[in-house]
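In each ligand, atom 1 is the first atom listed, and ligand 1 is the first ligand listed.
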Amino acid sequence: MKKITIAIDGFSSTGKSTVAKQIAKHLGYVYVDSGAMYRAVTYYAMQQGIIDSNHFNVDGLVANLDDIKISFKFNNSLGFAEVYLNGTNIENDIRTLEVSNFVSKVAEISEVRQLLVKQQQKLGKDKGVVMDGRDIGTVVFPDAELKLFMTASAETRAERRYSELIERGDAVTYEAVLKNVQERDYIDSNREDSPLVIAEDAIEIDNSNMSLQEQFDKILQLVNITQESIE
Ligand code: CDP
C-alpha cells in the first residue's frame with residue numbers, strides 16, 4: 001500500500017488526537033499532535049513570564065523563538081510520542097486548562113505559526129503520517145490525500161474534556177471548560193493567519209453521537225477507499 005498523508009482538523013476537544021493515534025497505530029504511521037507544539041510554545045511563554053492573565057509580551061516571545069526547541073520522543077508503554085521542550089518532557093504540563101486558556105492567543109502570532117508549520121512539514125515529508133490540528137489540510141499539507149474535519153456540539157466536547165481533566169486530578173469546573181472550548185473556537189476560527197476553516201476537499205465528521213469504535217471504523221474505511229483510489 002502506498003503511504004498517504006492524513007490531515008485531521010477540527011474544533012477544540014473533538015477527539016481528533018484519540019482517533020489520530022488509533023489510526024496511526026493501526027497503519028504503522030507516525031502521529032503528530034500539532035496542537036502540542038502550540039501548547040509547548042505557550043508553556044514556554046508562561047514559564048518565562050512572557051504571558052499571564054494580565055499581559056502578553058508578544059514581541060518578547062517572538063524575540064525568543066530561537067530558544068524554543070520542540071521534539072517528540074516515542075514512549076513505548078504509552079504507544080505514542082510525547083512532547084519535549086528543550087529536552088524536558090512536558091507532555092503532562094501542556095494539557096492543563098491554564099495552558100488551554102492562553103494557547104489560542106499564542107497561536108494567532110504569524111511568527112509562531114511559520115516556525116511550527118515548517119517543523120510540521122518536515123515531520124511529515126516522507127508521508128505515512130497522521131497529523132491533527134486546525135490548519136493541517138489547508139496550510140501544512142494542502143496536498144494531503146485524505147482530509148477530515150471533526151465536529152461535535154460544544155457541550156459534548158466540553159463534557160469530554162472536563163472528564164479528561166478530572167481524571168488527571170485537575171481541579172476544574174465544567175463551566176470553565178465549556179467557556180474555554182467556546183473561546184478557543186472563536187479565536188481559532190477568526191484569526192487572520194490560517195484560521196480554522198473546512199478545506200474544500202475535506203470530509204466532515206460529526207462525532208457527537210458516535211462511539212470511539214464507530215468513529216475508528218468510519219475513518220479506517222475512508223483511509224482504505226483513499227488508498228485504493230491512488231494505487
Ligand atoms: O484541546 P484540543 O486538543 O482541542 O486542542 P489542541 O489540538 O491541543 O490545540 C490547542 C490550540 O493550538 C488550538 O486551540 C489552536 O489555538 C492551536 N492550534 C493551531 O492554531 N493550529 C494547529 N495546527 C493546532 C493547534
Side-chain angles (χ1 to χ4, degrees), residues 5-21 31-46 51 56 61 70 72 80-83 85 90-124 129-142 144 147-154 156-165 168 170 172 176-199 202 207:
T5 299
I6 304 172
I8 307 184
D9 289 304
F11 294 107
S12 57
S13 317
T14 31
K16 300 180 297 290
S17 66
T18 306
V19 73
K21 276 179 201 159
Y31 162 61
V32 179
D33 177 354
S34 72
M37 301 169 80
Y38 289 93
R39 287 174 177 274
V41 174
T42 306
Y43 182 71
Y44 170 90
M46 288 163 68
I51 192 168
F56 180 10
L61 179 60
I70 299 169
F72 289 96
F80 63 88
E82 294 181 293
V83 65
L85 170 65
I90 55 160
E91 181 64 33
N92 276 321
D93 307 284
I94 59 166
R95 309 286 168 194
T96 62
L97 185 56
E98 209 187 351
V99 172
S100 298
N101 281 336
F102 294 128
V103 65
S104 290
K105 286 260 153 240
V106 170
E108 280 187 303
I109 302 167
S110 288
E111 287 86 346
V112 171
R113 303 204 69 83
Q114 278 158 24
L115 178 78
L116 298 187
V117 167
K118 231 190 279 159
Q119 293 176 12
Q120 289 152 9
Q121 288 171 335
K122 224 167 152 188
L123 289 166
V129 67
V130 186
M131 195 174 293
D132 75 326
R134 301 293 185 284
D135 59 344
I136 310 305
T138 50
V139 175
V140 182
F141 298 122
K147 298 181 187 177
L148 304 172
F149 191 93
M150 314 282 288
T151 76
S153 74
T156 304
R157 294 185 279 122
E159 259 164 44
R160 290 177 185 157
R161 184 52 51 92
Y162 172 70
S163 308
E164 268 171 34
L165 291 168
R168 278 167 46 106
D170 291 5
V172 294
V177 174
L178 177 63
K179 185 165 173 262
N180 173 258
V181 159
Q182 290 169 328
E183 280 177 2
R184 277 200 289 141
D185 286 353
Y186 182 82
I187 300 175
D188 293 346
S189 306
N190 290 284
R191 68 182 173 222
E192 236 165 74
D193 190 344
S194 325
L196 170 63
V197 289
I198 309 181
N207 64 14

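- Listed by chain and number, Ser12, Ser13, Lys16, Ser34, Gly35, Tyr38, Arg39, Val103, Ser104, Ala107, Arg113, Gly133, Arg134, Asp135, Ile136, Arg161, Arg184, Asp188, Arg191 each place a non-hydrogen atom less than 4.0 angstrom from ligand 1.
- Aromatic ring centres of Tyr38 and Phe102 lie farther apart than the 6.0 Å criterion allows.
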>> Evaluate Ser100 against Arg95 for side chain to side chain donor-acceptor pair (under 3.5 Å), listing each step before the verdict.
In response: CA-CA 7 Å; Ser100 298; Arg95 309 286 168 194; over 6 Å; no
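- Rounding to the nearest 0.5 Å gives a distance of 9.5 Å between CE of Met46 and CG of Asp93.
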> Passes side chain to side chain donor-acceptor pair (under 3.5 Å), Asp193 versus Ser110? Steps please.
Replying inline: CA-CA 6 Å; Asp193 190 344; Ser110 288; 2.7 Å; yes
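- One distance of note links CZ of Phe11 with CD of Gln182; it measures 12.0 Å at 0.5 Å rounding.
- Counting only distance, with no hydrogens or angles, the side chain of Asp9 and the backbone of Asp135 share a donor-acceptor pair below 3.5 Å.
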